[in-house]
Structure formats: structure tokens, C-alpha cells
Asks: 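One structure, pasted below without further comment.
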Amino acid sequence: MLNKDLKKITEEFNSQYKQIAGRITICGGTGCVANGCMKVYEAFQAEMKKQKVTFCLEISKECQGHYLSLSGCQGFCAHGPLVTVNDIFYTHVKPEDVPEIIEKTVVKGEVIDRLLYHNPATGDVCEHKDDIPFYAKQQRILLKDSGRINPRDIHEYIANGGYAQAKRVFTEMTPEEVCKEMIESGLRGRGGAGFPTGKKWDSARLEKEPKKYIVCNGDEGDPGAFMDSAVMEGNPNAVLEGMMIAARATGADEGVVYVRMEYPLAVRSIRAAIKQAEELGILGDNVFGSGQNFRIRVMEGAGAYVCGEASALIASVEGRRGMPRVKPPRTSSKGLFQKPTVVNNVETLALVPKVYEMGAKEFKKIGTEKSSGTKTFAVTGHVANTGLTEVPMGTTLRQLIDNVAGGTTNSDGTINKDAFKAAQIGGPSGGCLTKDQLDLPLDFDSLKSVGAMIGSGGLVVMNEHTCMVNVARFFLEFTKNESCGKCVPCREGTDQMLSLLTDIVEGRGTMETLDTLEELARAVQKTSLCGLGQSAPNPVLSTLKNFREEYIAHVKDKTCPAGVCKALAKYRILADKCKGCGMCKRACPVGAIDGQVGKPHQIDANKCIKCGNCQRTCKFGAVTR
């Protein structure tokens with residue numbers, strides 16, 4: 001039972017927080033860690049001691065001076081490490097910048113212009129985070145706290161309203177009322193399938209079995225997706241509170257957070273949050289004096305993509321090989337250890353407290369009629385601002401790419417909105433969206449109507465220099481390698497599709513190959529056992545539909561229009577640019593280039609092994625393909 005009232009915890013924290021001189025927050029998300037934020041964090045501690053600036057690393061009665069803390073992922077990954085001094089927002093901060101930041105900004109309150117964000121599109125200099133279009137064009141409900149609070153301090157989460165909704169549902173609402181409000185909110189699962197969360201909870205609630213489980217699916221495995229890991233790292237208590245509310249709705253007394261072992265920061269963050277919640281009596285016996293017990297444990301998965309499927313995940317938790325099973329029965333009736341189990345993904349559960357805080361009616365006003373609320377997207381690829389975003393459901397692809405992500409870029413990084421070619425949404429299970437679909441609303445039903453899906457929210461933007469056949473091959477190779485092998489259509493079908501795509505990109509394909517590929521893809525889609533196999537052909541089918549001319553160029557003309565497929569490259573020397581210097585001739589390992597000094601050279605296509613040495617060596621841009 002709760003050791004201290006939430007109100008009392010909030011009052012104590014706020015009282016202690018008021019005595020600090022200012023706050024320095026350093027983004028500690030995975031992206032910023034990779035860019036060296038921990039060295040920046042250490043540099044701040046060392047330099048503040050050197051300059052005799054008082055600081056503390058946690059809020060307490062003894063905390064004086066400035067509060068130096070890490071936050072979770074702030075989303076602006078392309079510009080990290082990120083440092084906020086009070087409300088001044090700095091980007092690309094290096095350890096060597098720290099002395100100047102302390103001297104000028106921390107001590108004197110001056111702004112260092114070169115560390116601010118400079119908008120390349122408008123030339124504007126943005127002093128505050130909310131001035132930056134990347135943030136201003138979003139609606140950050142779920143991610144609002146992730147980049148603001150210290151994820152390792154449960155007291156700050158509580159002081160910002162945390163666990164208040166869990167307390168309310170345990171002390172003031174019946175399980176039926178909890179389910180009813182969730183159903184009214186229209187929140188659909190953010191893991192990809194989009195099943196109504198409230199209906200899933202209600203199905204488990206109606207089961208007579210007294211032992212029930214809540215499982216948090218943190219096995220995010222899509223290439224280019226990092227939404228769930230960022231939420232677990234930056235706001236783990238929101239995930240735990242969502243699980244508690246789900247437990248109240250269903251009567252569950254045990255929860256499991258299943259996280260892939262490749263997410264060490266997320267694992268540590270979740271474990272720390274559970275320990276603190278247990279120490280405060282928020283988790284454990286007699287939750288909030290309700291008489292209901294609820295405990296949560298963490299299990300690290302081995303990283304199998306198929307374990308993102310609910311029944312395969314449950315098999316893994318039970319200690320068996322992660323393989324899906326035939327349904328029905330659904331996991332809500334026969335799940336973990338054959339007991340009723342609710343499986344929700346991280347984003348869904350972290351949104352749950354916001355639903356009850358806002359109220360079902362207010363939450364449903366956001367998004368579209370059938371897809372309410374906001375959705376996070378991990379935007380990567382050829383865009384100005386790669387990172388983690390959150391926008392209302394129904395936001396168009398164009399709005400997300402141009403307004404939030406800063407626009408499509410050329411291969412050299414310059415912004416060129418006209419360079420957009422396609423976007424792969426939903427990871428390997430999703431599909432390609434084209435220029436004609438830039439104004440398509442990003443919601444469950446709109447994407448389904450064009451053969452794509454939101455999936456967990458990965459969005460890879462590609463410019464005109466991308467080979468779509470090669471993209472399809474990349475995603476199919478991933479799903480082929482991740483197939484559990486249980487059913488023949490997926491195990492053999494993905495392998496054969498990959499072989500056909502390999503033939504195409506290596507110049508062995510024919511028009512018959514395309515027909516066979518499409519026929520096989522539809523067979524795998526219809527006959528595979530689980531969602532992985534059923535959706536594995538999506539990138540193939542969507543690119544065949546939208547970029548068939550590229551496939552035809554590969555098999556009929558034996559050329560790659562994007563110049564990506566090495567086996568189809570045809571190197572040649574432009575006579576008007578060639579100076580006859582002989583550099584390419586000397587660089588060729590097989591003697592395929594001939595010509596006299598001072599005169600244009602030629603490449604013998606029969607001898608050329610397409611290594612690209614000639615093109616890399618030429619200083620005049622005379623070699624092309």
C-alpha cells in the first residue's frame with residue numbers, strides 16, 4: 001500500500017524544486033548517447049566544479065544551485081546532443097562547448113548564437129524549443145514529458161500528475177467503468193493492428209478465471225523504428241501507470257514488460273521505475289488501498305522479430321521458442337500460462353493515463369473519427385530532420401514530411417521537396433506510399449485502403465535516387481531472416497521471393513520472373529500463419545504496383561534507373577568531360593579502360609567488373625553510369 005500520499009509527494013518535490021537556481025537538461029536518449037551526450041554530461045559536472053558553480057544531480061532537501069539532469073529522447077535526433085539551460089535550447093553541443101555555456105549562459109544568462117538552431121529554410125534563429133518548426137508543428141501529448149522530466153526520478157513524474165489516474169481508477173471506478181471509458185475514447189492499439197484497446201480489456205475482464213496478466217510488448221523490431229524504446233527510456237512510469245490501469249480494468253494481478261535485449265537503456269529505465277514504484281508502495285499488495293494486488297517484472301527478449309506477435313511473445317515469456325500459434329483462442333482468454341492476458345504495446349499503454357486525464361470525449365476530439373488521438377512516427381531517411389515525432393491521427397504524409405521533418409533532401413543533404421519519391425511506412429510489414437499519396441491521411445483505415453499500414457510507426461523517406469526494387473529486396477531479406485519457420489508459406493515463400501528479387505537486381509530476371517514473384521507474394525500473403533508472414537509480401541506488392549516501370553527496366557533493359565544496382569551498372573566515359581589524364585586507366589584493376597594521354601578514354605563493357613574505381617578516381621566527373 002502507498003507509503004506516502006501522492007499529494008504529499010508532489011508538495012515536497014515542488015518545495016525542493018523551487019529552491020534551485022536553474023535547470024540544465026541534457027538529452028539522454030539513445031540517439032544523443034550515440035552522439036556523445038554522456039561526455040557532455042560529464043563535462044558539465046567537471047566544468048561546474050572548476051568554475052565553482054554549485055549544482056546537484058537530484059532534487060532533494062540538500063539540492064542547491066543548478067539542477068543538472070538527463071532527460072529521455074527529445075526527438076530532434078539529427079541535431080543532438082541537445083542541451084537546455086532553463087528555456088534556452090542548444091543543438092550539436094560538444095564537450096568543448098561546455099565551458100562557454102557555463103560561463104555565458106548558466107552564470108550570465110547570455111545566449112550563444114552559434115549553438116542555437118538555425119532554420120535552413122527560412123534563416124531564422126530559434127532560441128527556444130517551441131520556436132523550432134519540428135516541435136511547433138507537432139502535438140506532443142505522449143512525448144511531452146519524455147524530453148522534459150528526469151526519467152529516473154519517480155517523484156518528478158508524480159509532481160507532474162503521474163499516477164493520479166491510476167489512483168483514481170483503483171479507488172473511484174469499477175473495472176467495468178474503466179473499460180467503458182477506454183472504449184469511448186476510441187484508442188486503438190499502436191502496435192500495428194489497431195485493435196480497439198477498450199474492447200480487448202473488456203474481453204479479458206469478462207473471463208471467469210481469477211488469475212490474469214497484463215503484458216507490455218516492448219519487442220520493437222522494425223528497421224528504422226525506435227518509438228517504444230524512446231518512451232521506455234524517457235517516461236517509463238507512464239508505461240507502468242498504463243499497465244496498472246489495464247490491471248484494474250481486467251482484474252489482473254501480475255504484469256510483464258517484455259523488452260528486447262538490444263534496448264539496454266530502456267531495460268535499465270524500466271527496472272529503475274519499477275523499483276522506485278515498489279519502494280513507494282505504488283506497486284505491490286493492496287494497490288491504493290483497493291484490495292487488489294499488482295506486481296510487474298521485466299523480461300528481456302532475445303531479439304526475434306516474430307516475438308512482436310502476441311502469441312509468439314507469450315511463448316517466449318513462458319520459456320518456449322517464440323513461435324505464433326493458431327487463433328482462436330485469443331490471448332484475452334488463453335494467453336500467458338493459459339490464463340486471460342492483455343497484450344498492449346508500449347505506446348498504447350503510455351497513452352492510457354493521458355486518456356483518463358483528458359477524459360474520453362476530449363481525447364476522441366484529437367485525430368479522426370475512427371482513429372482517435374495522436375501517433376508517434378520515427379522519421380528517417382532522406383529528410384532534413386530525422387527523429388521522433390508525434391502528430392494527430394489523420395495528419396497527411398506531406399504535412400509530416402514537409403512541416404515537421406523539414407522536407408525531403410537530395411543525396412547531398414540539401415532540401416528539395418520535389419525530390420520525394422516514396423515513403424515506406426510500417427516497416428517490413430507496411431508498404432510504399434508515392435507522390436500521388438502525399439496528401440493521404442495517416443490513419444489506420446486510410447492506409448489500409450491503399451495496401452499499407454501504420455505498423456508501429458516507422459517511416460522511411462526516400463528521394464529520387466532510391467531504387468525501389470532494391471528497397472523491396474532489403475525489407476524482404478529482413479523478414480526472410482526473421483521468419484520463425486513454423487509454417488511453409490512464410491518459411492519457403494519468403495526465401496523464394498528473395499531469390500527472385502535477387503535475380504532481378506543482378507540482371508537475371510525476366511518478365512516471367514515478375515509474374516512469378518507477384519503470384520508467389522499473393523500466395524504467401526493469404527496462407528501464412530501469422531501477421532509476419534501475411535504482411536511480408538507488402539513491400540513487394542506495393543512497389544510492383546506503384547513502381548512497375550522500375551521492375552521492367554531491370555528485367556527488360558537490364559538497367560537500374562536509380563543507378564543503385566551494381567550488377568546492372570554500365571560505366572562509360574563522357575568524351576566532352578574527359579581530359580585524357582589516365583587516372584581512371586591506372587585505377588582499373590582489370591585493364592578495361594583504354595586511351596591515349598590527352599584524348600578521351602573508353603571503357604570496354606565486356607571487361608568491366610563494375611567496381612566503380614574509375615568513377616571514384618575521376619576528378620572531372622567524366623565517368624558516369
Side-chain angles (χ1 to χ4, degrees), residues 1-29 41 44-45 48 53-74 83-88 106 129 140-172 231-245 268-284 287-289 294 296 350 352-354 356-358:
M1 187 173 176
L2 192 64
N3 299 331
K4 190 183 291 185
D5 186 71
L6 297 180
K7 185 177 179 181
K8 184 68 173 176
I9 294 172
T10 299
E11 290 174 352
E12 288 181 357
F13 180 88
N14 288 337
S15 175
Q16 295 165 4
Y17 193 82
K18 286 179 181 178
Q19 70 186 23
I20 66 172
R23 183 166 187 169
I24 304 167
T25 305
I26 301 168
C27 177
Y41 182 56
F44 264 100
Q45 295 179 56
M48 290 176 87
V53 177
T54 308
F55 70 97
C56 58
L57 300 179
E58 60 181 32
I59 296 295
S60 66
K61 292 179 180 178
E62 293 74 32
C63 182
Q64 295 181 353
H66 288 79
Y67 176 38
L68 177 64
S69 74
L70 292 169
S71 74
C73 176
Q74 297 183 24
V83 174
T84 305
V85 182
N86 298 325
D87 62 345
I88 298 171
V106 175
K129 181 184 287 187
R140 295 169 74 87
I141 295 174
L142 172 64
L143 299 178
K144 180 181 178 181
D145 291 334
S146 291
R148 187 167 58 92
I149 66 174
N150 183 346
R152 300 295 178 89
D153 188 352
I154 192 173
H155 300 89
E156 184 166 17
Y157 178 74
I158 292 171
N160 280 274
Y163 290 110
Q165 300 311 310
K167 181 180 179 181
R168 182 168 74 90
V169 301
F170 271 94
T171 59
E172 300 176 19
V231 173
M232 287 186 284
E233 292 168 13
N235 200 2
N237 285 288
V239 180
L240 302 186
E241 186 174 8
M243 293 179 72
M244 291 178 70
I245 294 172
R268 289 201 294 269
S269 192
I270 285 284
R271 288 192 191 279
I274 291 173
K275 182 181 179 182
Q276 291 181 354
E278 289 174 342
E279 289 172 349
L280 287 177
I282 292 173
L283 287 173
V287 176
F288 295 115
F294 189 61
I296 299 175
V352 165
K354 297 296 183 183
Y356 291 88
E357 179 184 329
M358 298 173 66

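The basis for the numbers below is simple: all heavy atoms, side chains too, and nothing from hydrogens, waters or symmetry mates. Positions are given from 1 along the sequence.
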Asks: Between Asn235 and Ser146, what is the shortest heavy-atom contact and its length?
Replies: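 For Asn235 versus Ser146, the nearest heavy atoms are CB-OG, 3.7 Å.
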Asks: Determine whether a donor-acceptor pair (N or O, by modelled atom type, separation under 3.5 Å) exists between the side chain of Asn160 and the backbone of Glu156.
Replies: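 Answer holds: yes.
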Asks: Would you please say whether a donor-acceptor pair under 3.5 Å links the side chains of Asn237 and Tyr163?
Replies: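 Yes, a side-chain donor-acceptor pair sits under 3.5 Å.
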Asks: Can you see which heavy atom on Asp145 is nearest to which on Lys354, and at what distance?
Replies: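 Heavy atoms only, the tightest pair is OD2-NZ, 3.8 Å.
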Asks: Below 4.5 Å, heavy atoms only, C-beta onward: do Val231 and Leu143 meet side chain to side chain?
Replies: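 Yes; the side chains approach each other to less than 4.5 Å.
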Asks: Would you sort out whether Glu279 and Lys275 count as a side-chain contact (heavy atoms from CB on, under 4.5 Å), showing the intermediate values?
Replies: CA-CA 6 Å; Glu279 289 172 349; Lys275 182 181 179 182; 3.3 Å; yes
Asks: Could you walk me through whether Ile149 and Asp153 satisfy the side-chain contact (heavy atoms from CB on, under 4.5 Å) test, starting with their C-alpha distance in whole Å, then the side-chain angles of each, then the deciding distance to 0.1 Å, before giving a yes or no?
Replies: CA-CA 8 Å; Ile149 66 174; Asp153 188 352; over 6 Å; no
Asks: So, the side chain of Glu233 versus the backbone of Gly72: is there a donor-acceptor pair under 3.5 Å, distance only?
Replies: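 Such a contact is absent between Glu233 side chain and Gly72 backbone.
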Asks: Considering non-hydrogen atoms only, spot the tightest contact between Val287 and Phe294 and give its length.
Replies: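 The pair with the smallest heavy-atom distance is CG2-N, 3.8 Å.
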Asks: In terms of heavy-atom contacts, does CD of Glu58 have more than 12 from other residues, nucleotides or ligands at under 6.0 Å?
Replies: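 Counting other residues, nucleotides and ligands, CD of Glu58 stays at 12 neighbours or fewer.
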Asks: Indicate the atoms forming the closest heavy-atom contact of Ser69 with Asn150, along with that distance.
Replies: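 Heavy atoms of Ser69 and Asn150 come nearest at CB-ND2, 4.2 Å.
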Asks: Looking only at atom types and distance, does a side-chain atom of Ser15 sit under 3.5 Å from a main-chain N or O of Glu11, one as donor and one as acceptor?
Replies: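 No.
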Asks: Under 4.5 Å between any side-chain heavy atoms of Leu283 and Met244, yes or no?
Replies: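 Side chain of Leu283 against side chain of Met244, heavy atoms only: contact under 4.5 Å found.
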Asks: For Thr171 and Phe288, which heavy atoms make the closest approach, and how far apart are they?
Replies: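 Here Thr171 and Phe288 meet closest at CG2-O, 3.4 Å.
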Asks: Check whether any side-chain heavy atom of Leu70 sits under 4.5 Å from a side-chain heavy atom of Tyr41, and report yes or no.
Replies: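 Yes, their side chains come closer than 4.5 Å.
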Asks: Any chance you could lay out the disulfide (SG to SG under 2.5 Å) test for Cys56 and Cys63, step after step, and finish with the verdict?
Replies: CA-CA 6 Å; Cys56 58; Cys63 182; 1.9 Å; yes
Asks: As an exercise, state the distance from CD1 of Ile9 to NZ of Lys7, rounded to the nearest 0.5 Å.
Replies: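 NZ of Lys7 is found 13.5 Å from CD1 of Ile9.
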Asks: Taking the side chain as every heavy atom from C-beta outward, state whether Val85 and His66 have any pair of such atoms under 4.5 Å apart.
Replies: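 No, too far: nothing below the 4.5 Å cut-off.
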Asks: Could you walk me through whether Gln16 and His155 pass the side-chain contact (heavy atoms from CB on, under 4.5 Å) test, one step at a time?
Replies: CA-CA 11 Å; Gln16 295 165 4; His155 300 89; over 6 Å; no
Asks: Calculate, to the nearest 0.5 Å, the distance between atoms CD1 and NZ belonging to Ile158 and Lys4 respectively.
Replies: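 Spacing of CD1 (Ile158) from NZ (Lys4) equals 10.0 Å.
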Asks: Do Phe55 and Ile24 have side-chain heavy atoms sitting under 4.5 Å apart?
Replies: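 Of all side-chain heavy-atom pairs linking Ile24 with Phe55, none is under 4.5 Å.
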Asks: Could you tell me the separation between the CE atom of Met243 and the CD1 atom of Ile296, rounded to the nearest 0.5 Å?
Replies: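 One gets 4.0 Å once the value is rounded to the nearest 0.5 Å.
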Asks: Donor-acceptor pair, distance only, cut-off 3.5 Å: does the side chain of Glu241 make one with the backbone of Gln165?
Replies: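 Pair found, side chain donor or acceptor close to backbone of Gln165.
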Asks: Find the distance between OG (Ser60) and CZ (Phe13) and round it off to the nearest 0.5 Å.
Replies: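 Reported value, rounded in 0.5 Å steps: 10.5 Å.
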Asks: Give me the atom names and distance for the closest heavy-atom approach of Arg140 to Gln74.
Replies: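 The answer is NH2-O, 3.4 Å.
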Asks: Any side-chain heavy atom of Leu240 within less than 4.5 Å of one from Ile282?
Replies: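 Result no, sub-4.5 Å side-chain heavy-atom pair not found.
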